[in-house]
Number of protein chains: 2
Amino acid sequence: MVIHYKEKSFFTSKDLALSVIGGRWKIAIIWCLLQQSPLRLSEIQKYLPDVNQRMLIRQLRELEEDQIITRMVYPVVPPKVEYQLSEIGLQLKPVVTSICDWGDHFRIFLEENANKKSVQ
Amino acid sequence: MVIHYKEKSFFTSKDLALSVIGGRWKIAIIWCLLQQSPLRLSEIQKYLPDVNQRMLIRQLRELEEDQIITRMVYPVVPPKVEYQLSEIGLQLKPVVTSICDWGDHFRIFLEENANKKSVQ
DNA sequence: GGCAATACTGACGTTTTTGTCACTGTGATT
DNA sequence: AATCACAGTGACAAAAACGTCAGTATTGCC
């Protein structure tokens with residue numbers, strides 16, 4: 001996840017992808033914005049209560065720089081900022097979906113394993 | 001990527017998945033083993049020349065602990081060890097594929113962007 | 001005047017992850 | 001007796017990621 005594509009010219013597709021979506025909370029953020037869009041910062045925080053605000057904002061900034069999400073600022077008081085997935089960001093849906101699906105399989109796999117052990 | 005599922009009882013599917021495949025080189029290793037299997041350590045190193053051996057071994061160990069890959073040791077000299085994806089590991093193929101596909105799209109997206117800028 | 005709401009930012013420290021270096025063991029080969 | 005091949009391990013250092021705390025700005029409300 002470390003080397004960002006802007007600092008390296010040659011990359012395989014997967015490395016390029018991972019340099020953009022590999023951050024600690026990025027898949028989670030993208031997942032939120034696939035559930036509901038647009039979302040305000042405070043709403044994303046409700047979806048992801050484990051992420052502290054500072055961290056969340058950093059990850060949002062990075063996603064914005066990479067043009068995965070867009071950030072709309074409304075000049076009102078109190079401030080209102082809305083985040084949503086860009087076109088290329090929306091195309092990450094199969095990635096998020098396949099990760100969730102595999103997670104489901106893996107959970108079942110772990111449970112079956114646990115059962116086998118307890119039977120022995 | 002940080003909190004491993006063994007240290008936390010409740011997890012969404014994606015968090016569970018990411019706790020297992022979120023390591024720096026894990027997707028890359030799984031990608032290798034989807035291309036060719038089984039592979040010896042030295043062969044994986046040829047696929048991934050940027051990863052130092054120590055790091056590679058650590059990531060392999062973690063994948064093995066999580067039962068994503070299997071490790072076969074042949075008691076010969078010089079030693080021979082073969083790695084391959086387990087059944088649940090093989091099921092990660094859609095994840096790797098969708099990441100690669102999106103990376104391709106994103107690369108095209110970046111190139112188009114660059115062209116637009118140079119035309120302006 | 002003081003406080004609330006929202007969306008931040010800066011400085012700083014901690015933790016995690018990643019990388020480097022030197023080293024191990026064994027049998028065959030030169 | 002030295003060297004090679006292969007697959008490691010241990011101790012440590014560096015870098016990156018992550019988290020915490022305090023503070024900013026604006027306007028309206030009590």
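Convention: sequence-line order gives letters A, B, ...; per-chain numbering from 1.
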Divergence of helical axes at both termini of the helix from C/dG1-D/dC30 to C/dT30-D/dA1 - five pairs an end, 10° steps: 30°
Can you tell which of C/dT6, C/dC8, C/dT18 lies closest to the side chain of A/Pro79? C/dT6
Would you say A/Asp101 and A/Ser98 are linked by a side-chain donor-acceptor pair, where the criterion is simply a distance under 3.5 Å? no
d(CD, A/Glu64; P, C/dA7) in whole Å: 14 Å
With a 3.5 Å cut-off and just heavy-atom distances, do the side chain of B/Arg61 and the base of D/dG8 make a donor-acceptor pair? no
For the pair made of NZ in A/Lys80 and P in C/dA7, what is the distance, rounded to whole Å? 9 Å
Using atom CE of B/Met72 as one end and atom P of D/dG8 as the other, report the distance to the nearest whole Å. 13 Å
Nearest-Å distance, CG (B/Leu60) to C1' (D/dA7)? 11 Å
What's the spacing between B/Ile88 CD1 and A/Phe106 CZ if we round to 0.5 Å? 6.5 Å
Donor-acceptor pair under 3.5 Å, B/Arg24 side chain vs C/dG19 base: no
Scan side-chain atoms only and decide if A/Tyr47 and A/Gln35 contain a donor-acceptor pair under the 3.5 Å cut-off. no
If you look at every strand shown and take non-hydrogen atoms under 4.0 Å, does A/Tyr83 touch a base, only sugar-phosphate, or nothing? sugar-phosphate
Reported CZ-to-NZ distance for the pair B/Arg40 and B/Lys80, which is rounded to 0.5 angstrom: 5.5 Å
Contact class for A/Arg40 (heavy atom, under 4.0 Å): base, sugar-phosphate, or nothing? sugar-phosphate
Mind calculating the distance between CG (B/Leu56) and C1' (C/dG19) to the nearest angstrom? 13 Å
Given D/dA11, C/dT6, C/dA7, identify the nucleotide with an atom nearest to the side chain of B/Arg58. D/dA11
Out of C/dA5, D/dC18, C/dC8, which nucleotide sits closest to the side chain of A/Arg71? C/dC8
Atom-pair distance (CD on A/Gln59; P on C/dA7), nearest Å: 18 Å
Rounded off to whole Å, could you give me the CD-to-P distance for the A/Glu62 and D/dC18 pair? 9 Å
In terms of the nearest nucleotide of DNA chain C, which residue is placed more toward the 5' end: A/Ile57 or B/Arg54? A/Ile57
To the nearest 0.5 Å, tell me how far A/Leu48 CG sits from A/Cys32 SG. 4.0 Å
Taking only side-chain nitrogens and oxygens of B/Ser42, does any of them come within less than 4.0 Å of OP1 or OP2 of D/dA7? yes
Between P of D/dA7 and CD1 of B/Ile44, the distance in whole Å: 9 Å
Do you know which two heavy atoms are closest between A/Tyr83 and A/Leu33, and how far apart they sit? O-CD2, 3.4 Å
Side-chain donor-acceptor pair under 3.5 Å between A/Ser86 and A/Thr70, yes or no? no
